[in-house]
2 protein chains.
Amino acid sequence: MYLVVQAHLRDGIKSGHWTVGDRLPSEAELVAQFGVSRMTVNRALRELEQEGLIRRQQGAGSFVAPLERVAGTLVIRDIHEEIAARGHRHEAEILQMGERRARRGEAQLLGLETGVRLFYSHILHRENGLPLQLEERLVNPACAPDYLAQDFKLFTPTAYLLQVAPLTGAQYQIEAAAANTEQAAALGLQPGDPCLVIERVSRSPSGTVTWVRLVHPGARHVLTGSFDA
Amino acid sequence: MYLVVQAHLRDGIKSGHWTVGDRLPSEAELVAQFGVSRMTVNRALRELEQEGLIRRQQGAGSFVAPLERVAGTLVIRDIHEEIAARGHRHEAEILQMGERRARRGEAQLLGLETGVRLFYSHILHRENGLPLQLEERLVNPACAPDYLAQDFKLFTPTAYLLQVAPLTGAQYQIEAAAANTEQAAALGLQPGDPCLVIERVSRSPSGTVTWVRLVHPGARHVLTGSFDA
DNA sequence: CAGTGGTCTAGACCACTAC
DNA sequence: TAGTGGTCTAGACCACTGA
């Protein structure tokens, strides 16, 4: 029944019957109208508030929220999953992989001290043979000591790291940048060509696990999303 | 009390006490442990599920969700709000504004028929004098008949359109692209320089209101987000 | 089968708001 | 002061799962 109440309110908002700032029926009115208990109506309204569709104020009422921010859930998926979901073939080419001392700033990304040893890998992901993503990654050895022994032609570093160090948080950043010579060579572009770049650090209970920069040819990769009342 | 139960479970997951796939205490166990009613425990768990932190299965139990997808709420704010929030000065320069027949494909974006008349505007937004965003916009005259009479140096088209046609849905797309000559000239770039491009269509109860392309210098604009257990 | 979550009820007390 | 939402209770019936 709470879904029925929700649908009723959603429809009224979508259709313009109630518009931004309007007051919606009170809980008591909805209880009377639908013949359900107040807990049921309360749940319906509380969930609409969590979605951002309405705003509730104790003592005043429930109101249609100003949807002034276009918000949506942006999902960044594992590249293998993403390609497989399109029914295409995914191949990974390991360009570089090894261990070295952290350069200036790198240690900071992982919350480690400068000069500590860390793992790195550069992997090129192809979709049906076409370069789609260059994955530049730094890994905290404390969280994934066997990282360098893995064969990342069989599974992605993302999948491996999620297995050995459960994700509990992340920060990401999306920008457009010009390909440098190394990136251009890997992706089959000219240096300076526009790329969509996602950078991300991932945390687990045992600390910051990994930093990754995902470089995509601007013409071949878009992020999409939507939201709906 | 439901917040106490939530905090307890959240801590256990963050700290690694329960990890991906682990079964959490059942509702009945939490009821006994905290001395609260089942409805209270149920609410705590339901909300954690909505956040994506746990997965619940009728008949089986509640489990720590595999956070295999780095997801976050991406918020695209009105450019004026965004600049003002940084404590900076926002200026808008109207480059073009008028009415014309829809070109091939344009009408389709707005769900109209080819050849119908529509409004357009090209506005350059500056942050402390530096070009930050070129806003190329098409507007459905049926939804905002007075669009051309507005002074968009005083408020943004986004703010105006939200006022006259409440937002009930949107689709957006984020990509990296090379600036064309017009865009480069407006933004003070060289043609071919990388730009972060957001395209969006917005719907309201009265139909598709507007299509907009927001072009940002790649070096001067990033989207950021985070998520947390 | 026993245990799990999904949903709903008919109350209750409280804090807050607007008049 | 009357009406609002915020929270909680102690039950209930149901559908589903796994042994």
Side-chain angles (χ1 to χ4, degrees), chain A residues 1-14 17-69 73 166 229, chain B residues 1-14 17-69 71 166 229:
Chain A
M1 283 306 300
Y2 79 94
L3 289 174
V4 174
V5 178
Q6 272 187 6
H8 174 251
L9 296 169
R10 252 186 251 276
D11 287 349
I13 292 172
K14 268 193 214 173
H17 176 56
W18 295 297
T19 181
V20 174
D22 283 2
R23 200 180 127 178
L24 298 169
S26 71
E27 294 192 352
E29 287 167 332
L30 291 168
V31 163
Q33 181 175 349
F34 287 91
V36 297
S37 76
R38 200 186 138 209
M39 276 301 279
T40 302
V41 163
N42 180 271
R43 175 175 176 184
L45 288 163
R46 191 161 17 89
E47 290 189 0
L48 291 177
E49 184 180 33
Q50 285 172 339
E51 284 179 31
L53 198 58
I54 70 172
R55 188 175 52 81
R56 312 191 73 200
Q57 195 183 355
Q58 193 173 135
S62 301
F63 305 85
V64 179
L67 296 179
E68 61 207 6
R69 294 175 177 188
T73 301
Chain B
M1 283 306 301
Y2 79 94
L3 289 173
V4 174
V5 178
Q6 272 188 5
H8 174 251
L9 296 169
R10 249 186 252 276
D11 287 348
I13 293 172
K14 268 194 213 171
H17 177 58
W18 296 297
T19 182
V20 174
D22 283 1
R23 202 181 125 181
L24 298 169
S26 72
E27 294 193 352
E29 286 167 331
L30 291 169
V31 162
Q33 181 175 349
F34 287 92
V36 296
S37 76
R38 201 188 137 209
M39 276 301 280
T40 301
V41 163
N42 181 271
R43 175 173 175 185
L45 288 163
R46 191 160 17 87
E47 290 190 359
L48 291 177
E49 184 180 33
Q50 285 172 337
E51 285 179 31
L53 197 58
I54 69 172
R55 190 175 50 79
R56 312 192 72 199
Q57 195 182 356
Q58 192 174 134
S62 301
F63 306 86
V64 179
L67 296 179
E68 61 208 7
R69 295 177 176 187

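Letters A, B, ... are given to chains in the order of the sequence lines, protein chains preceding strands, and every chain is numbered from 1. Basis for what follows: all heavy atoms, side chains included, without hydrogens, waters or symmetry-related copies. Given the structure is predicted, the values throughout are model-derived calculations rather than measurements.
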### Task
Please list residues of residues 26-34 of chain A whose heavy atoms come under 4.0 Å from any atom in DNA chain D, ordered by number; otherwise none.
A:Ser26, A:Glu27
#### Entry: Whichever of B:Ser62 and A:Thr40 has its nearest DNA chain C nucleotide further upstream toward 5'
B:Ser62
### Message
Once ring pair (Phe, Tyr, Trp, His ring centres under 6.0 Å) is applied, do any residues pair with A:Phe63, and if so which ones, sequence neighbours excluded?
### Response
none
### Under the side chain to side chain contact (heavy atoms under 4.5 Å, CB included) test, residues paired with B:Gln33 that sit two or more places apart
B:His8, B:Leu30
### Message
B:Arg46: which residues meet the side chain to side chain donor-acceptor pair (under 3.5 Å) condition with it, sequence neighbours left out?
### Response
B:Asn42
#### Entry: Partners passing side chain to side chain donor-acceptor pair (under 3.5 Å) against A:Gln50 (at least two apart in sequence or in another chain)
B:Glu47
### Query
Could you give all pairs that pass the salt bridge (charged side-chain N to carboxylate O under 4.0 Å, His left out) test and reach residues 24-34 of chain A, with sequence neighbours left out?
A:Glu27-A:Arg38, A:Glu27-A:Arg56
### Summary
In short, A:Val20 meets A:Ala65 closest at the heavy-atom pair CG2-O, 4.0 Å
### Summary
Expected string for nucleotides 14-19 of chain D under the B/S/- scheme (protein heavy atoms, under 4.0 Å, primed atoms plus P, OP1, OP2 as sugar-phosphate) is -BBB--
### Query
What is the distance, rounded to the nearest whole Å, between atom CG of B:Leu45 and atom P of C:dT4?
12 Å
### Task
Tell me whether the OP1 or OP2 atom of C:dT7 has a side-chain N or O from A:Arg43 closer than 4.0 Å.
yes
### Task
With sequence neighbours excluded, tell me which residues meet side chain to side chain contact (heavy atoms under 4.5 Å, CB included) with B:Asp22.
B:Trp18, B:Thr19, B:Val64
Protein-nucleotides 10-13 of chain C N/O pairs closer than 3.5 Å?
unit_1, atom_1, unit_2, atom_2, d
C:dA12, N6, A:Arg38, NH1, 3.1

